[in-house]
Amino acid sequence: MAGKPKLHYFNGRGRMEAIRWLLAAAGVEFEEIFIKTPEDLDKLRNEGSLMFQQVPMVEIDGMKLVQTRAILNYIATKYNLYGKDMKERALIDMYAEGVADLGEMIMHLPLCPPDQKDAKTTQIKESIKNRYLPAFEKALKTRVSNLPAVKKFLQPGSQRKPPMDEKNLQEAKKIFRMQ
């Protein structure tokens, strides 16, 4: 049996959070290897572990997978969470793309110039309220948070990351040389 998947990312939610959630939903334990410095990131790049020179990266089944959607698709398929047929997979892909769009908006908010932050926050809240939440609520026929594996992931002490704060933001900027 293969070992636990190894997740390479900084110690924050970001693009890795959906991967953590999916592994939790599948009931799969995973190991996290945190990138703490630009040199840690350079090491992964220099050893050829990052096809596109960026993270997240997940080591699983003898592979080093990059690109969030590719990782999610692999995990969902491996653990039978990617629908029973093409139609279900297409619906899953639509919702996944919606989540990705929403995540992009939210992830870029901390990088927004201070004088634009309030307007951007208002725009994001309107999109969430009027576009995304109604679509997701319509799709949910059962409560995902009540699935045993997800419920466990939501408990204190799990590998779930807290929302991004100023400290995490500064660490990420340092790692990714955005300062």
Side-chain angles (χ1 to χ4, degrees), residues 5 7-28 30 32 50-58 60 63-113 116-155 158-165 168-169 172-173 176 178:
L7 285 53
H8 296 263
Y9 203 60
F10 73 98
N11 189 13
R13 287 184 179 181
R15 296 181 188 280
M16 188 63 85
E17 194 67 1
I19 296 164
R20 290 183 190 104
W21 272 88
L22 190 57
L23 287 167
V28 176
F30 54 89
E32 295 191 87
L50 305 176
M51 181 183 288
F52 299 107
Q53 306 300 307
Q54 63 195 29
V55 290
M57 188 264 283
V58 174
I60 187 170
M63 298 182 293
K64 293 181 179 182
L65 297 177
V66 296
Q67 297 296 73
T68 305
R69 290 181 189 121
I71 296 166
L72 291 169
N73 287 345
Y74 183 83
I75 292 167
T77 301
K78 177 179 174 82
Y79 296 104
N80 296 318
L81 298 173
Y82 199 25
K84 69 179 184 303
D85 58 30
M86 287 176 53
K87 287 182 180 181
E88 277 192 8
R89 284 189 294 277
L91 289 173
I92 290 167
D93 287 343
M94 287 191 321
Y95 293 115
E97 290 296 321
V99 169
D101 289 348
L102 182 57
E104 286 291 320
M105 286 191 293
I106 292 169
M107 276 195 292
H108 288 117
L109 185 61
L111 304 174
C112 185
Q116 298 173 20
K117 196 163 276 194
D118 288 343
K120 189 71 171 171
T121 299
T122 299
Q123 177 190 7
I124 290 170
K125 285 180 179 178
E126 286 299 314
S127 291
I128 290 170
K129 179 181 166 190
N130 298 321
R131 291 174 58 190
Y132 293 97
L133 287 183
F136 297 140
E137 287 172 347
K138 184 177 178 182
L140 290 174
K141 293 184 171 105
T142 64
R143 302 224 21 183
V144 173
S145 62
N146 284 332
L147 295 171
V150 173
K151 196 173 203 165
K152 180 180 174 188
F153 185 65
L154 292 173
Q155 296 302 310
S158 77
Q159 290 174 293
R160 183 172 184 225
K161 301 297 173 224
M164 180 72 80
D165 61 14
N168 294 125
L169 177 61
K173 283 183 174 182
F176 298 109
M178 299 173 75

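- Within the 4.5 Å cutoff, side-chain heavy atoms of Ile60 are placed close to those of Lys78.
- Residues satisfying the ring pair (Phe, Tyr, Trp, His ring centres under 6.0 Å) test with Tyr82, not counting sequence neighbours, are none.
- Arg89 pairs by the salt bridge (Lys or Arg N to Asp or Glu O under 4.0 Å) definition with nothing, not counting sequence neighbours.
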Output side-chain donor-acceptor pairs under 3.5 Å for residues 100-113, partner residues at least two apart or in another chain, one line each.
from	atom 1	to	atom 2	distance (Å)
Glu104	OE2	Arg15	NH1	2.6
Glu104	OE2	Arg15	NH2	3.0
His108	ND1	Glu104	O	2.8

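- When the side-chain hydrogen bond (donor to acceptor under 3.5 Å, both in side chains) test is applied to Tyr132, no partner is found at least two apart in sequence or on another chain.
- Counting only heavy atoms from C-beta outward, the side chains of Val58 and His8 never approach each other to under 4.5 Å.
- Judged as a side-chain hydrogen bond (donor to acceptor under 3.5 Å, both in side chains), and not counting sequence neighbours, the contacts of Glu97 are Arg69.
- For the pair Ser158/Lys152, no side-chain contact is recorded, criterion being any heavy-atom separation below 4.5 Å from C-beta on.
- You'll find the side chain of Arg20 reaches within 4.5 Å of the side chain of Leu7, heavy atoms only.
- Sorted by first and then second residue, the side-chain hydrogen bond (donor to acceptor under 3.5 Å, both in side chains) pairs with a member in residues 116-126 read Glu126-Asn130; sequence neighbours excluded.
- Side chains of Leu81 and Ile92 form no contact here, defined as non-hydrogen atoms less than 4.5 Å apart.
- By the side-chain contact (heavy atoms from CB on, under 4.5 Å) test, Val99 pairs with Phe136, sequence neighbours left out.
- Between Glu17 and Arg160 the shortest side-chain heavy-atom distance falls below 4.5 Å.
- Under the side-chain hydrogen bond (donor to acceptor under 3.5 Å, both in side chains) criterion, Lys64 pairs with Ser49, not counting sequence neighbours.
- When all heavy atoms of Leu22 and Leu72 are compared, the pair lying nearest together is CD2-O, 3.3 Å.
- With sequence neighbours left out, Gln53 forms a side-chain hydrogen bond (donor to acceptor under 3.5 Å, both in side chains) with no residue at all.
- With sequence neighbours excluded, the residues that form a side-chain contact (heavy atoms from CB on, under 4.5 Å) with Ala172 are Phe10, Phe176.
- The salt bridge (Lys or Arg N to Asp or Glu O under 4.0 Å) search around Glu88 returns Lys84, not counting sequence neighbours.
- Residues that satisfy the ring pair (Phe, Tyr, Trp, His ring centres under 6.0 Å) test with Phe153, not counting sequence neighbours, are Trp21.
- Contact annotation: the side chain of Tyr9 never approaches that of Glu32 to less than 4.5 Å [non-hydrogen atoms, C-beta and beyond].
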